[in-house]
Each structure stands twice: as structure tokens, then as C-alpha cells.
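I have placed the structure first, in the form of C-alpha cells, so that the comments after it can refer back to it.
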Amino acid sequence: MSSADRPSLNVAVLYPDLLNLYGDRGNARTLEQRCAARSIEANVIGVGIGDDWSSEEADIVLVGGGQDREQRRVQADLQQRGEDLRKYVDNDGVVLAVCGGFQLFGHHYRGWDGEIMEGIGVFDAVATHPGPRIARCVGNVIALWEGETVVGFENHGGRTYLNEGQQALADVVSGFGNNGGDGLEGAKVKNAYGTYLHGAVLPKNPRLADRLISLAMVRRYGPEEANLAPLDDSAALRAHAEALHAALSAGESSLGRRFA
Ligand code: GLN
């Protein structure tokens, strides 16, 4: 890339009006800001049901969480995009899929009413809601990702189980993560990241945000773009510390919940 060209990244947010729980749209905003601070243009677009869009136009795909009802509404449209999105991931496309979006990027999600919603099988995982009588997984989460803490807020009835060989994204330190039993949080396939963390997750976890940007820059412009200029992260790190504090001050009950 010549120095005269301003690099740019296309960020596609799938179903922004339907899958956007607990501030998930903040993920796009964070990517936009962290790109702008480095003179990378981030073009954020929303992709709704029936929109004419292909992942060839994308450098980063975001999908957020939603209630079962909203997941059901997007399911058929997402199915139609399944082959395209699987190819995109195979081709090192960058994805962040959160909670309800994460569930639909697995093989399927069996919702609270017992009905199956087919997923697109990016992640080798299935999600099952044990029914309305069983408590949801709610609270602040701390997980260990590549030796560092990632923090976020979770609120899900569904429990995700990774099939053998499917890598998790992180290990739960406090909170439930995928299912409250196996200590795993999220999933990772190539450059596709799935997680239960809302919050939104990227504003509080700048290293994770930069990982997505760096992967997208390398894919689009080549390996020399892997290292991003450091930014002043003091505000983001304060938010991170506060989320750590909130999770830890929930005390033993929070730590014990992991095995609930
Ligand atoms: N409806 C899904 C569940 O309850 C996902 C919720 C979410 O995205 N926070 O598990």
C-alpha cells in the first residue's frame, strides 16, 4: 500500500436492529474509533433480512445477541447466507459473533420452547436451552484469553457445548461462559471468534478489538500490516478494571457459579 492510500476496512453488522442486546452495537463503534485513530477508514454497514450483500464486501463481520424470538426471525435469512459465510471464514475472514449470534453460528440452537433453530455451522458446537424453569446464566464474566483477562456481561438461557476438537476462545475464571460446567468460554475457528460476552465486549477489551483489526488488515493488505500503532487505552482499561472489580465483588457466589 502506498503511503498516499488510506487503508480501509469494511465492517458488516448482521441484523443490527434485531441482534443487538446489552450494547453489542458498541463493538462496531469501537472498531470504528480504533481504526480512525490509526487513519484506517472503517466503513460500517448493517445487513438486514433480505439485503443484497455478500461477504466478499467484508473485512470484519459482527453479529450480536438477541432473544429467542429475534433469533428465530433472522434464522431463515442467515441460513441463506450460510454457505457464503462459511467460505468467508475458510478464507480467513474475521468474525465476532456474540451470544445469540454465536449460537446461530454453531450447528443449531434449541430454544427455550424446545424448537430447533438451525445454525450455519461455522463453529463445531451446539447450544441448548434447558427450558424456562432452569435459571439463566446471568452476570459479569472474567475469562482468560491468551494469558490475559477478558471481561464482559452474560445473559443467556442457552448452553453451548463444543464438539471434540473445537477450540474454545478462553477459559472461564468467574461466571458461566459456554455452559457453566466445563469452564470454557466461546469458540474460535481460524479468524472467527464466538463469545457469550456482551457489554459491549470490545470497548472493555482493547486487545481483543485490536486483534480483529490486525487480522483484517493482514488479510486485506498483507503481513506487514499486522502491527497496529499503540493507542492511549487508559479509558478502556479503566472500564476493563471496573468490570473485573464487579465480577470479583460478586464474591464466592460468582466463583462458585462456574460449576453450578
Ligand atoms: N436467546 C439466547 C439465549 O437466551 C441468546 C441470548 C443473548 O443473546 N443474550 O440463550
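Numbering of ligands and ligand atoms starts at 1, following listing order.
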At under 4.0 Å between heavy atoms, which part of [X] makes contact with ligand 1: side chain, backbone, both or neither?
{"X": "L21", "answer": "side chain"}
{"X": "Q67", "answer": "backbone"}
{"X": "W112", "answer": "neither"}

Is the shortest N/O to N/O distance between [X] and ligand 1 below 3.5 Å?
{"X": "G100", "answer": "yes"}
{"X": "Q71", "answer": "yes"}
{"X": "G158", "answer": "yes"}

For [X] and ligand 1, answer yes if some heavy atom of the residue is under 4.0 Å from a ligand atom, otherwise no.
{"X": "Y109", "value": "yes"}
{"X": "E154", "value": "no"}
{"X": "Q103", "value": "yes"}

Taking the basic N atoms (NZ, or NE/NH1/NH2) and the acidic carboxylate oxygens, is any pair closer than 4.0 Å for [X] and [Y]?
{"X": "D59", "Y": "R220", "answer": "yes"}
{"X": "R69", "Y": "D113", "answer": "no"}
{"X": "R29", "Y": "E32", "answer": "yes"}

Identify, for [atom], the protein heavy atom at the shortest distance, and state residue, atom and that distance.
{"atom": "atom 5 (C) of ligand 1", "value": "G66 O, 3.2 Å"}
{"atom": "atom 7 (C) of ligand 1", "value": "C99 SG, 2.8 Å"}
{"atom": "atom 1 (N) of ligand 1", "value": "D68 OD1, 2.6 Å"}

- Do N91 side-chain atoms and K87 backbone N/O form a donor-acceptor pair below 3.5 Å? no
- Query: Distance-only, no hydrogens or angles: does the Q166 side chain make a donor-acceptor pair with backbone N or O of K188 under 3.5 Å?
  - Reply: yes
- Selection from N20, N155, V98 by shortest heavy-atom distance to atom 9 (N) of ligand 1: N155
Side chains of [X] and [Y], donor plus acceptor under 3.5 Å:
{"X": "Q79", "Y": "E118", "result": "no"}
{"X": "T195", "Y": "E185", "result": "yes"}
{"X": "Y109", "Y": "D68", "result": "yes"}

- For G93 and N191, the nearest pair of non-hydrogen atoms, with its separation, is O-CB, 3.4 Å
- Ligand-residue contact atoms, ligand 1 with G65, heavy atoms, under 4.0 Å: 8 (O)
